[in-house]
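Proteins get letters first, then strands, A, B, ... in listed order; numbering begins at 1 in each. Side chains are part of it too, since the values below use all heavy atoms of this structure and drop only hydrogens, waters and symmetry mates.
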Amino acid sequence: MYIYHYFCSMSIVTTIQKNAAAALSILYNHSFTEKDFQINLTKPEFEGDYTIVMFSLVKSLRLSPEVIGDALGGYLTGNHPELFSSFNIIKGFLNLSITESFWTDLLQSNYSNADFGKQQNNGKKVMVEYSSPNTNKPLHLGHLRNNFLGWSIAEIYKANGYEVIKSCIVNDRGIHICKSMIAWQKYANGATPQSTGIKGDHLVGEYYVRFEDDLKAESQILINKIKLADLSDFSGAELEKLDKILIALTKQDEIKDAEKITKLHEEIKEIARNNTAVIKEAKQMLLDWEKGKPEVIELWKKMNGWVYEGFDITYKRIGSDFDKAYYESNTYLLGKDIVQQGLDKNVFFKKEDGSIWIDLTADGLDEKLVQRKDGTSVYITQDIGLALQKYEEYKIDSSLYVIGNEQNYHMKVLQLICKKLGMPNADNILHLSYGMVELTTGKMKSREGTVVDADDLVDEMIATSQKHTEELGKVKDFTPAELTDLYDTIGLGAMKFYLLRVDPKKTMVFNPEESIDFHGFTGPFVQYTYARIKSILRKEPLVEITTLADADLLKLEKEVIVMLEQYPVALETACTEHNPSVIAMFVFNLAKTFNSFYTEHSIANAETPAKKQLRLQLAVMTANTLKSGMEILGIRVPERM
RNA sequence: GGUCCUGUAGUUCAGUGGAUAGAAUAGAAGUUUCCUAAACUUUAGACACAAGUUCGAUUCUUGUCAGGACCA
């Protein structure tokens, strides 16, 4: 028992590295660090548990891999017989066998510990900002990836000993919400979520779409006129620009570059859109909002209120929650005083026209505008202001932003500016950048109506889990409430697992058919493994036997323990890499390994009482670890399914 | 034009400067008098291309091609 406790603060891999480094410094009087040793699991076709690759040591010691391996293997088994039982060398690989007592002690010391793998409080505080919706339309598939990632990374930080504050910046002001407001005024006849029975965020979203339709129709009229060279609606700089574009387009044959032509058409489109009556209305409304015009503010509050009611329902269903919400309507003026400080510190500089910039060319970026010539601020300014406010309000050690990778540049700029301004903990402004979710048919485009709505998707997943469960007919004795809960658990579990099992930074493809699959590398697979273990444990209570026979661990029994041992490392890796998929892969592999074991060996009818106890402990620890890992992903596990 | 990200099996994803590149799914073939077959077993199938660094490169570097994002 003492062995594991002796090493309990570190993983077996680290332990091997430490011992190997110590051994070689004694053997050859040459100092090594842990990282000089590359440790892998031994391939199944060779004897041993862990393998040290010798090649990297050859150069510094000027000895053959066989000689070093022999000396190191001999030293380790000779001096740490409680840990290393034997070794062999094949080519340049030193294969080490770990003693059985190490594995059985590990199991017995930890099987009932529900917090296995989690770290003690380390006194550090981190804020995780995620979700960050706009209030003009409902949440979609992309938001789901963000929400699941954000919630999970917060749990991962907690498991690693951090205190976590979950925050959300609500983008509740700006031209987008004004668009919904304009269309609602025109077409809604006072319709409300109550009068229509439509969820608030969806209702507001409908009017946003309505606005965009109008905008499209109106701008098309303008585009047609422009293409007939009728520029009577334009003046000033835009007129000049259009002139140029039209001239360029008459020389189309010379350009030949299809991309350039599309670009010119895009520019026409943009100018047309900005000159429609509807967009001018929306812009006027935004100005009125900024001036605090009462009827605009009132409508804004009313419609945002509907959206929040809708969001609350969705957040509750998907399990997102926040300790602190920031509203952009309160924060958009932040950072103005910082601009002045930046000027005083010569971090920023002023151009002749009065606009204020920062020069980031030395860092491989461009010059970046921080305040317009008319004195109004830009996005980055309020972001700096909010970053500072977060620090002052919560005294956080680090600040993690869960934001899509289209903002990589923006975040880099934010980090750099904060650093140059000398803000406290500016090095700890971190960005969990994630890729877009695409469909098998291509990208989601709201204008083409190919956006997958979050509420619809959740409904569909839950309905599918219900269908599957009913077909299997294993839980006919459940009450209606229990059934509803189970369908939620499975449906949401499938969806969360599907979105979290992929490396966040990668663009991922959402396949409707595959995502509702409940077999293989999925949430329900892990949930099912858990439910089966719980079923066994209901029938076979764990009986303590004081003397656990040092029975030979069977191959499959050992494989499960070896997997379990890796959980703390998985938690740590997930945190340092900001990557929940590490946990998803871990729980899947653990479940798979356990299933193989379970099919092959009976727990209830084990060969001896000692074996039975060992296997029950194995089952308990696997269940605890699966539950722990899944909970960190935000996924519940059912006792029965 | 510039910067960044990504190219692995039919498909969706892992992975490592080192031994025969792993899963899942789809395909083929099996397993149910016994702890939940949403499971298990067997089988077939892939590192975009080219140079370079290295004892060794799918991994690191450079270039080409392809896809995506951002900046101008």
Side-chain angles (χ1 to χ4, degrees), chain A residues 38-46 48 51-56 58-59 64-65 89-93 95 259-260 360-361 363-369 404-413 433-436 438 440 442-443 464-465 467-469 471-475 490 493-494 497-498 501-503 505-511 513-515 517-540 556 579 581-582 584-586 588-589 591-606 612 615-616 619 638-641:
Chain A
Q38 194 188 332
I39 315 280
N40 303 321
L41 274 172
T42 302
K43 303 233 170 200
E45 58 271 30
F46 302 104
T51 297
I52 308 182
V53 182
M54 291 287 119
F55 298 101
S56 50
V58 169
K59 257 190 187 162
S64 77
I89 302 150
I90 297 170
K91 296 188 193 172
F93 301 92
N95 300 320
E259 242 177 70
K260 269 189 185 163
L360 299 172
T361 48
D363 300 281
L365 304 178
D366 301 312
E367 288 185 350
K368 182 83 188 174
L369 180 73
N405 63 7
E406 74 273 14
Q407 304 234 32
N408 282 358
Y409 185 84
H410 180 83
M411 286 304 295
K412 229 187 228 176
V413 171
S433 161
Y434 64 92
M436 299 291 103
E438 293 182 358
T440 40
K443 284 203 242 174
T464 311
S465 76
K467 192 167 147 268
H468 271 253
T469 307
E471 277 169 9
L472 291 167
K474 293 180 183 178
V475 287
I490 299 174
F497 200 94
Y498 184 83
R501 70 185 199 184
V502 181
D503 185 342
K505 70 171 184 288
K506 289 198 176 175
T507 302
M508 67 175 290
V509 177
F510 177 78
N511 182 334
E513 278 90 53
E514 196 190 317
S515 66
D517 195 355
F518 293 174
H519 305 274
F521 188 15
T522 66
F525 174 91
V526 180
Q527 290 172 324
Y528 180 64
T529 306
Y530 179 82
R532 278 211 303 190
I533 295 175
K534 293 310 261 192
S535 168
I536 299 166
L537 296 176
R538 276 191 297 273
K539 291 171 191 163
E540 295 289 341
L556 289 167
N579 185 357
S581 78
V582 172
M585 287 186 285
F586 174 83
F588 171 67
N589 283 323
K592 203 152 62 84
T593 309
F594 185 86
N595 283 340
S596 295
F597 153 75
Y598 167 87
T599 309
E600 201 64 34
H601 305 292
S602 176
I603 294 172
N605 302 315
K612 185 167 177 176
R615 287 181 191 166
L616 281 169
E639 298 297 305
R640 289 178 59 195
M641 69 184 275

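Out of B:rU36, B:rA39, B:rC13, the shortest distance to the side chain of A:Ala531 is found at B:rU36. For A:Glu45, whose side chain is taken as the heavy atoms from C-beta onward, the closest listed nucleotide among B:rG15, B:rA19, B:rU36 is B:rA19. Picking from B:rC5, B:rA19, B:rC35 the nucleotide with the shortest atom distance to the side chain of A:Lys505 gives B:rC5.
Counting to the nearest Å, the C1' atom of B:rC5 and the CD atom of A:Glu406 are 13 Å from each other. Computed from coordinates, the A:Arg501 CZ to B:rA14 P distance equals 9 Å when rounded to whole Å. Regarding A:Glu438, its CD atom lies at a distance of 15 Å from the P atom of B:rU6, rounded to whole Å. Across the protein-nucleic acid pair, A:Ile533 atom CD1 and B:rA39 atom C1' stand 13 Å apart, rounded to whole Å. Across the protein-nucleic acid pair, A:Lys368 atom NZ and B:rU3 atom C1' stand 13 Å apart, rounded to whole Å. Remark: C1' of B:rU41 and NZ of A:Lys592 are 12 Å apart, rounded to the nearest angstrom. Here the C1' atom of nucleotide B:rC35 and the CZ atom of A:Arg532 are 9 Å apart, to the nearest Å. When rounded to the nearest whole Å, the span between CZ of A:Phe588 and P of B:rA24 equals 6 Å.
Between the side chain of A:Arg501 and the backbone N or O of A:Thr522 there is no donor-acceptor pair closer than 3.5 Å. Proximity of a side-chain donor or acceptor of A:Ser535 to a complementary backbone N or O of A:Ala531 within less than 3.5 Å is not detected. Under the 3.5 Å distance criterion, the side-chain polar atoms of A:Asp503 are matched with a main-chain donor or acceptor of A:Lys505.
Stacking between A:Tyr598 and B:rC35 is present: the aromatic ring centre lies within less than 5.5 angstrom of the base six-membered ring centre, and the two planes differ by under 30 degrees. Once the 5.5 Å centre distance and the 30° plane angle are applied, the aromatic ring of A:Phe46 is found stacked with the base of B:rA19. The aromatic ring of A:Phe521 does not sit over the base of B:rA23, since the test of centres under 5.5 Å and planes under 30° is not met.
Between A:Phe521 and A:Phe497, the ring planes lie perpendicular to each other; the angle is over 60°, past the 30° to 60° tilted range. Note on ring orientation: taking the six-membered ring where Trp is involved, the planes of A:His468 and A:Phe518 are tilted (angle from 30° to 60°).
When the side-chain nitrogen and oxygen atoms of A:Ser596 are compared with OP1 and OP2 of B:rC40, none of them lie within a distance under 4.0 Å. Remark: A:Lys59 is not in phosphate contact with B:rU54, judged by side-chain N or O atoms under 4.0 Å from OP1 or OP2. Applying the 4.0 Å criterion to OP1 and OP2 of B:rC40, one finds that A:Asn595 has a side-chain N or O inside that range. Within the structure, a side-chain polar atom (N or O) of A:Lys506 is placed less than 4.0 Å from OP1 or OP2 of B:rG7. Note on A:His519: every side-chain N or O is 4.0 Å or more away from OP1 and OP2 of B:rA24.
A donor-acceptor contact under 3.5 angstrom links the side-chain atoms of A:Thr51 to the base of B:rA19.
In this entry B:rG27 has B:rU43 as its Watson-Crick or G-U wobble partner, both defining distances falling under 3.5 Å.
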